[in-house]
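Quick one: the structure is below, questions incoming.
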Amino acid sequence: VQLQASGGGSVQAGESLRLSCVASGSTDTIVAMGWYRQVPGKQRELVASISSGGNTRYPDPAVKGRFTISRDLAKNTVYLQMNSLKSEDTAVYYCAKDSGGTSWLNALDAWGMGTQVTVSS
């Protein structure tokens with residue numbers, strides 16, 4: 001499976017962006033997927049995940065209530081709706097998928113190329 005992330009850009013603080021991650025290849029099995037972000041000099045961190053059953057988690061309290069992860073199974077696409085963006089959300093965002101052994105992200109086996117999100121205050 002290959003993942004293609006898109007939707008990043010440069011916005012002002014308070015604006016919104018929606019990131020998309022399209023999966024291609026062998027996509028018959030529904031697996032957990034997630035969005036990560038990374039800033040220079042820091043580790044990549046998990047922002048949001050969606051289980052194989054469609055449940056969601058937001059480990060970072062800084063994005064809870066502002067970011068929403070969702071998926072369209074018919075389009076093999078996972079989205080990250082980001083509202084009320086802040087300058088600290090500036091990062092490269094990556095989507096990733098689980099290998100399918102568990103309901104939630106556990107063993108990642110594919111990453112999309114990053115998409116840059118820049119938020120100006």
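Predicted model, so just to flag it, every value in this text is computed and none were measured.
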What is the minimum heavy-atom distance between S121 and A13, and which atoms define it?
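Distance-wise, the nearest heavy atoms are CA-CB, 4.0 Å.
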
Check: S16/N83 side-chain N/O donor and acceptor closer than 3.5 Å:
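Looking only at side-chain atoms, N83 and S16 do form a donor-acceptor pair, the distance falling under 3.5 Å.
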
Check V47 against V63 and note the closest heavy-atom contact, atom names and distance.
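Smallest heavy-atom distance, with atoms named: O-CG2, 3.8 Å.
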
Reported CE-to-CD1 distance for the pair M33 and I69, which is rounded to 0.5 angstrom
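Here the interatomic distance stands at 8.0 Å.
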
Starting at CZ of R37, measure out to SG of C95 and round the result to the nearest 0.5 Å.
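Separation between the atoms: 15.5 Å.
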
How about K97 and D109: do any of their side-chain heavy atoms sit closer than 4.5 Å?
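Sidechains of D109 and K97: in contact.
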
Is the CD1 atom of I30 crowded by more than 12 outside heavy atoms at less than 6.0 Å?
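Atom CD1 in I30 is not packed in, count stays at 12 or less.
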
Do Y58 and T68 come within less than 4.5 Å of each other through their side chains, counting heavy atoms only?
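Counting from C-beta outward, Y58 and T68 do come under 4.5 Å.
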
Is there a side-chain contact between W104 and I50 (heavy atoms, below 4.5 Å)?
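No, their side chains stay 4.5 Å or more apart.
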
Is a donor from one side chain sitting under 3.5 angstrom from an acceptor on the other, for R44 and Y36?
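No, because no side-chain N or O of R44 sits under 3.5 Å from a partner of the opposite role on Y36.
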
Cluster overlap Y94 with L108, hydrophobic side-chain contacts below 4.5 Å:
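Hydrophobic grouping puts Y94 with L108.
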
Main-chain N/O of E88 paired to T90 side chain as donor or acceptor, under 3.5 Å:
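Looks like no, no N/O pair under 3.5 Å.
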
Anything under 30° is parallel, anything over 60° is perpendicular, the rest tilted; go ahead and classify F67 against Y93.
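Tilted: the ring planes of F67 and Y93 meet at 30° to 60°.
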
Looking at W35 and S20, what are the two nearest heavy atoms and their distance?
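Here W35 and S20 meet closest at CH2-O, 3.5 Å.
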
Is a side-chain N or O of D98 found less than 3.5 angstrom from the main chain of V31, in a donor-acceptor match?
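The answer is no, because no donor-acceptor pair under 3.5 Å joins these two groups.
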
Does D60 reach the side chain of E45, with side-chain heavy atoms less than 4.5 Å apart?
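The answer is yes, as the side chains (C-beta and beyond) meet within the 4.5 Å cut-off.
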
Heavy-atom pair with the smallest gap, counting every atom of K42 and Q38
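Looking at all heavy atoms of both residues, the shortest contact is O-NE2, 3.1 Å.
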
Would you say the side-chain atoms of T118 pair up with the backbone N or O of S10, donor to acceptor, closer than 3.5 Å?
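Such a contact is absent between T118 side chain and S10 backbone.
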
How long is the straight-line distance from OG of S51 back to CG of L105, given to the nearest 0.5 Å?
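One gets 9.0 Å once the value is rounded to the nearest 0.5 Å.
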
Checking the side chain of R66 only, and the main-chain atoms of S84 only, is there a donor and an acceptor separated by less than 3.5 Å?
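It does hold such a pair.
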
How many angstroms lie between atom CD of Q12 and atom OG of S120, to the nearest 0.5 angstrom?
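Rounded to the nearest 0.5 Å, the CD-OG separation comes out at 5.0 Å.
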
Looking at Q4, I'd like to know if its CD atom is crowded, meaning that more than 12 non-hydrogen atoms belonging to other residues, nucleotides or ligands lie closer than 6.0 Å.
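It does not: Q4 CD has 12 such atoms or fewer within range.
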
What's the spacing between T56 OG1 and K64 NZ if we round to 0.5 Å?
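It is 8.5 Å, given to the nearest 0.5 Å.
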
Surrounding CD of Q43 (heavy atoms of other residues, nucleotides or ligands, distance under 6.0 Å), is the total greater than 12?
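Counting neighbours around CD of Q43, 12 or fewer heavy atoms of other residues, nucleotides or ligands fall under 6.0 Å, so no.
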
Give a yes or no on whether V78 and L3 share a hydrophobic cluster (residues Ile, Leu, Val, Met, Phe, Trp, Tyr; joining criterion: side-chain heavy atoms under 4.5 Å apart).
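Yes, because V78 and L3 connect within a single hydrophobic cluster, where side-chain heavy atoms sit under 4.5 Å apart.
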
Got V92 and T115 here, is their nearest side-chain heavy-atom distance under 4.5 Å?
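Side chain of V92 against side chain of T115, heavy atoms only: no contact under 4.5 Å found.
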
Supply the atom-to-atom distance S49 OG to L80 CG, rounded to the nearest 0.5 angstrom.
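The distance works out to 11.0 Å.
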
Out of the candidates V117, D89, V119, only one should pair with M82 under the side-chain contact (heavy atoms from CB on, under 4.5 Å) rule; please name it.
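Answer to the side-chain contact (heavy atoms from CB on, under 4.5 Å) test with M82 among V117, D89, V119: V117.
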
Shortest non-hydrogen contact from G8 to L19?
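So the two residues come closest at N-CD2, 3.6 Å.
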
